[in-house]
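Data first, discussion second: the structure below is written as structure tokens.
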Protein chains: 2
Amino acid sequence: MARTSGSNGERTAAHIRDAGVRLIHRHGFEAMSLRQLATEVGLQPGSLYNHFENKQALLFEIVRTHMEELLAELGAALEGRTDPVDRLTAFSAFHLRYHMTRRMLVYIANSELRSLEPGNREAIVALRGRYEATVVAILADGVASGAFKVADVRVAAYAVIAMLTGVCDWYRPDGRLGQEEIARLYTDLVLKGVTG
Amino acid sequence: MARTSGSNGERTAAHIRDAGVRLIHRHGFEAMSLRQLATEVGLQPGSLYNHFENKQALLFEIVRTHMEELLAELGAALEGRTDPVDRLTAFSAFHLRYHMTRRMLVYIANSELRSLEPGNREAIVALRGRYEATVVAILADGVASGAFKVADVRVAAYAVIAMLTGVCDWYRPDGRLGQEEIARLYTDLVLKGVTG
DNA sequence: TGGTGAAACAAACGGCCGTTCGTCCGGATA
DNA sequence: TATCCGGACGAACGGCCGTTTGTTTCACCA
């Protein structure tokens, strides 16, 4: 046999990324084998190389795409808002929604920095720095305007991000609380924590 | 050659655990090889089996010991305190101190639940449940006494724990802020967030 | 309708994996 | 001083690893 009837490069590449996310989340990147991945997608191991250069490039592509979408959607969520309280509320709602719907991706991006080659890791860390800087800026604006009162803006930003990201650890789509209710609860905690 | 001069079971076992923590943190449990571990400790691969039953038992032993020490030290930190604000402050200070000094262990315990066999995983999840329940109880007491005001005690507990645990992601012993200062900053955020 | 290139296959490369086993040394006990 | 056994060695087991290669097929466009 050779090329399968009905095969399609775009679609296969998407299947590979999706299955890759599942397997990396389950086993860790280094422990995920390309043979598992190929089986999951329904290919021979060698055929994967029609869709990426090597295993490292697959990880980088997954994490980079995630970070760029995260940043783009954050920009959209904040667009047109200028009041710090409004912006922080919008950030909180966006961050929670994104993290509740893409838990595996978020987990990988946070835990597999260690498996990226130095150059790739630096690129991702830079993107993450832009995300964090946005939150720092919101808090700094609020402090300047008197809306917020925090002793250390950077620590507060890390604290807020970590608190919200923690939703990934326990949220289940069929759980006790819905996404909107969770967003309300967390956002209340955030605002109370940073309001003077 | 055979038994090395000056060898000592207790000491070797401790070296194995320490090196194991480093390697699991660096590569993930499944991706850590016992050959790497043996090299790190200065043994042949087969000799490791004088100190654990198998790879899985090594992971379980590391995580279980960590969780039991965490619970024991939490108990000590809260001992004799009854006021909810006092207890939450003590919890925050303890949690931060513990997590700043044992970052790799904490990371492993949080990320390698996936690599534990079902029975072992359940045992660890139960220990973690006791830790979380302690925080829930502190918050519930505070709500009952009027000291705290949170809409959902469980969500608030998860939020507080995640926020504080996040210190592992950025704290460096030689960084801008010392442990006491960080503890003060985080504890302020926590108390402001849950105080009515 | 013929040609071209994307996308698949099968097989193989050297190398590492967790674990078991038979052996032997050397420090503590009797 | 004799003996026991904890703790090490080294070799081996079957099996999986990431990647490369040569070949083949099918979808699409001129």
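Chain identifiers are assigned alphabetically (A, B, ...) following the order of the sequence lines, protein sequences preceding nucleic acid strands; residue numbering begins at 1 within each chain.
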Specify the separation, in whole Å, of atom [atom1] of [X] and atom [atom2] of [N].
X       : N      : atom1 : atom2 : result
B/Gln44 : D/dC9  : CD    : C1'   : 6 Å
A/Leu48 : C/dA8  : CG    : P     : 9 Å
B/Leu43 : C/dC25 : CG    : P     : 18 Å
B/Glu10 : D/dA8  : CD    : P     : 12 Å

Within the side chain of [X], is there an N or O that forms a donor-acceptor pair under 3.5 Å with the backbone of [Y]?
X        : Y        : value
A/Arg26  : B/Arg114 : yes
A/Glu117 : A/Gln56  : no
A/Arg103 : A/Tyr171 : yes

List the atom of B/Val21, the atom of B/Ile108, and the distance in Å for their closest heavy-atom pair.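 Closest heavy-atom pair between B/Val21 and B/Ile108: O-CD1, 3.3 Å.
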
Below 4.0 angstrom from OP1 or OP2 of D/dG6, is there any side-chain N or O of B/His51? no

Strictly below 4.0 Å: does B/Thr12 bring a side-chain N or O up to OP1 or OP2 of D/dG7?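 No.
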
CG-CG distance between A/Leu34 and A/Leu58, expressed to the nearest 0.5 angstrom: 8.0 Å

Under 4.0 Å protein heavy-atom contact, by nucleotide of nucleotides 15-21 of chain C - B base, S sugar-phosphate only: --BBBB-

Please walk me through it: do B/Gln44 and B/Ser47 pass side-chain hydrogen bond (donor to acceptor under 3.5 Å, both in side chains)? CA-CA 5 Å; B/Gln44 294 300 314; B/Ser47 303; over 6 Å; no

Is any N or O donor-acceptor pair between the side chain of A/Asn50 and the base of C/dA8 shorter than 3.5 Å? yes

